[in-house]
2 protein chains.
Amino acid sequence: MASSGPPTVETIAQRAGVSIASVSRVMNGHGARPDTVRRVERAAAELGYVPNAVARSLKGGRTRQITFAMQDIGNPAYVSMFREIQAVTRPLGYRLLLHSTDADAAAELGVVRSLADRTSDGLILCPIRVTDEHLTAMREAVRPIVVIGSLPEGATVDSVRADSVSGAALALRHLLESGRRRIAFINGPADTVPGRNRLLGYEKALRDAGVTPERGLTETTEFGIEAGAAAAHRLLDADPAIDSVFCANDQLALGAAHAAQDRGLDIPGDLAVIGMDDSELARASRPLLSSVDLGSAERGRIAARMLVARLEESPPPPGSPVRCETVAPRLVVRGSSSPLGVGSGIPA
Amino acid sequence: MASSGPPTVETIAQRAGVSIASVSRVMNGHGARPDTVRRVERAAAELGYVPNAVARSLKGGRTRQITFAMQDIGNPAYVSMFREIQAVTRPLGYRLLLHSTDADAAAELGVVRSLADRTSDGLILCPIRVTDEHLTAMREAVRPIVVIGSLPEGATVDSVRADSVSGAALALRHLLESGRRRIAFINGPADTVPGRNRLLGYEKALRDAGVTPERGLTETTEFGIEAGAAAAHRLLDADPAIDSVFCANDQLALGAAHAAQDRGLDIPGDLAVIGMDDSELARASRPLLSSVDLGSAERGRIAARMLVARLEESPPPPGSPVRCETVAPRLVVRGSSSPLGVGSGIPA
DNA sequence: CTGAAAGCGCTAACAC
DNA sequence: GTGTTAGCGCTTTCAG
């Protein structure tokens, strides 16, 4: 008696002496006579029966899988998002497919298009760039998509965005209020949506304070500790009067802090440093880094909830309105931008 | 004409005026007359046909999905593994399911058991603890599993392990050779396999050097920067003569370095610090942290290759031997453990 | 409450 | 080469 392969509804049905329909009903908790339930459950337990999820998906048209795609899972901001997404979706029985696209725009488009193969029920996407091709692909997607990031007006996709303009403003205002005047900016790749927005925020906040942004005070580079250090050196070489530097993420800020310290500068005495994302790295430096929390965790949570909501609303109402939420930034002030002498974390 | 739902083989077949079998053949590149190929491809393109992966899986018995499960995707060591696993499997057409179990042993067991639902073709698992229950579950699993971590002798599961004993020895020898004598150890949770091994390695290396390990020189704590700092303070409070501290990961080491600096100690002059994993955090401190690279990336790569190999060998040869590889550790010496005055990164 | 049967979309024999 | 047909394992009418 070759029990060829794992047990199926049929195996169980035979053993329990009922029909496969009854097995299915019992497995799904759809009413059945107590006796039937008992026999099926016993047979299932004895044989270690587990329903085949693929067959279920084929029948039901839903896989209970969600895809989360972003540039780089090494980035703490995305880790926070992943955690929250998992926290929302797993209890609901969803599995999570992760795609770290390595900032490859083609790969990103591929992810959107791959929704068509019905492998996952929905997609949470953090795009680096949003081209018309992206928008078209998203509009035509067979499954709901939630974008974490900014979309052009009129886009017909749900999204949750950070407010990096306000975030930058928060940091700049803080620096200006504590008396800094020559505030440099180290940005990440500028040809991305967040990159553009952070630059906008930086310049706007300066203008609002009556200061004209100078080109020489902005550096653009890849994300990374070393890149941040190099950028800071360039900035300080060109203009030793710089008294503070705002960075587009914590890696850059940490690098900048190192560079400054290697030049013998005191932080925050000679140079204030502020990062973005408020990741673990902000607590990995001395002095501790001030940082603007753009709410990665919260954005992840909201995106997950939005997507799940779409998935539950059985027949997607054709004209149902596009949803868009914005998460407010939060400035966390630590030693790296304190007024001189306070909490610098470095013994004088 | 309600084109109810996305196109299927049938839709394409009708439009192309061929049978569904021909559509399937063309889609899978199985020979067909050039004319047939053209017509099918045209129809498919016009309708934006994408084969339903779920139906394929049901037929083929394979989902082309792999699950990777570990404690915490926030840990840089696991990020490296994930990257390498993805690099190996994606080009082969596999999707990656990620499970961050949060060190919940029950969740971990659940992952192993969930293989039974045929959702993924195989599992790469980094267990925290390996109980008999785990071993049984793994032995009975319907799908191949590769464990990244140490398994008890006689386990019938493929695995790739780090050599944390040698890794610890590497660090200790280096410290001893550079003249350190009172070497403390800050360990992570000791009731885990890696925790136990690292302690073993620490004690063995000391004994090999003719030093008797003292209980008071070892601290056990959770992983985390703050936890590392607290442990270092306890250690130094109890024994100010400690001249070096070896830590079970970079977070702990970073915390320990901060604690020492906050006490006014010079690193490496007064205290040498060595971490483990050689993660980005090692480059996030001043001085740069020495660290023992346990080969996370390589372990990930090897595990992925092992699993893929199992998946390709069509009928799993019943008696095929269990595979087990061990990755050699590598000590990366940086400023935090240099001989005094060399490369400390802090201006004297 | 239960069983028989249809069918989700696809691939792979098997005949022609 | 190509079409016909039989399932993969499950859920869900539809009768009884």
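No hydrogens, no waters, no symmetry mates; every other heavy atom, side chains included, goes into these values. As the structure is a prediction and not an experimental result, all values here were calculated from the model.
Asp35(B) places its CG atom 12 Å from the C1' atom of dG1(D), with the value rounded to the nearest Å. When rounded to the nearest whole Å, the span between CD of Glu10(A) and C1' of dA4(C) equals 13 Å. Atom CZ in Arg38(A) sits about 12 Å away from atom P in dT2(C), given to the nearest Å. When rounded to the nearest whole Å, the span between NE2 of His30(A) and P of dG3(C) equals 17 Å. Distance Ile20(A) CD1 to dT13(D) C1': 13 Å, rounded to the nearest Å. Between Leu58(B) atom CG and dC10(D) atom C1' there is a gap of 8 Å when expressed in whole angstrom units. Rounded to whole Å, the distance from CZ on Arg64(B) to C1' on dC10(C) is 16 Å. Separating the CE atom of Met27(B) from the C1' atom of dG9(C) is a distance of 13 Å, rounded to the nearest angstrom.
Checking dG9(D), dT5(D), dT12(D) against the side-chain heavy atoms of Asn52(A) singles out dG9(D) as nearest. Closest approach to the Val18(B) side chain among dC8(D), dA6(C), dG3(D) is made by dG3(D) (side chain taken as heavy atoms from C-beta onward). For Ser19(B), whose side chain is taken as the heavy atoms from C-beta onward, the closest listed nucleotide among dC10(D), dG3(C), dG3(D) is dG3(D). Checking dG9(C), dT11(C), dA6(C) against the side-chain heavy atoms of Lys59(A) singles out dA6(C) as nearest. Checking dT11(C), dG3(C), dT2(D) against the side-chain heavy atoms of Asn28(B) singles out dT11(C) as nearest. If you check dG9(C), dA13(C), dC10(D) against the side chain of Ala21(B), the one that comes closest is dA13(C). Of the candidate nucleotides dG3(D), dT11(C), dG3(C), dG3(C) has the atom lying nearest to any side-chain atom of Ser22(A). Of all nucleotides listed (dG3(D), dG9(D), dT2(C)), dT2(C) comes nearest to the side chain of Arg33(A).
Other residues, nucleotides and ligands place no more than 12 heavy atoms under 6.0 Å from the CZ atom of Arg42(A).
Thr36(B) comes within contact range of the sugar-phosphate backbone alone, with a heavy-atom separation under 4.0 Å but no base atom that close. As judged by a 4.0 angstrom heavy-atom cut-off over every strand, Ala32(A) is placed among residues touching the sugar-phosphate backbone only. Contacts of Thr8(B) with the nucleic acid, taken as non-hydrogen atoms under 4.0 Å apart, involve only primed sugar atoms and P, OP1 or OP2. Residue Arg25(B) is classed as a base contact, given a heavy-atom separation below 4.0 Å to a base. Looking at heavy-atom distances under 4.0 Å, Val54(B) makes no contact with the nucleic acid at all.
Between Leu115(A) and Pro144(A), the shortest heavy-atom distance links the atoms CD1-O, 4.5 Å. Taking every heavy atom of both residues into account, Ala304(B) and Ile85(B) meet most closely at CB-CA, 3.9 Å.
Map Pro7(A) and Val37(B) each onto its nearest nucleotide of DNA chain D; the residue landing nearer the 5' end is Val37(B).
Each of Gln86(B), Arg90(B), Arg95(B) was scored for a side chain to side chain donor-acceptor pair (under 3.5 Å) with His99(A), with one residue passing: Arg90(B). Checked options Met81(A), Glu84(A), Arg83(A), Arg301(A); the residue passing with Ser296(A) is Met81(A) (criterion: side chain to side chain contact (heavy atoms under 4.5 Å, CB included)).
Phosphate contact (OP1/OP2 of dT11(D), side-chain N/O of Arg56(A), threshold under 4.0 Å): present.
A donor-acceptor pair shorter than 3.5 Å can be found between the side chains of Ser120(A) and Thr67(A).
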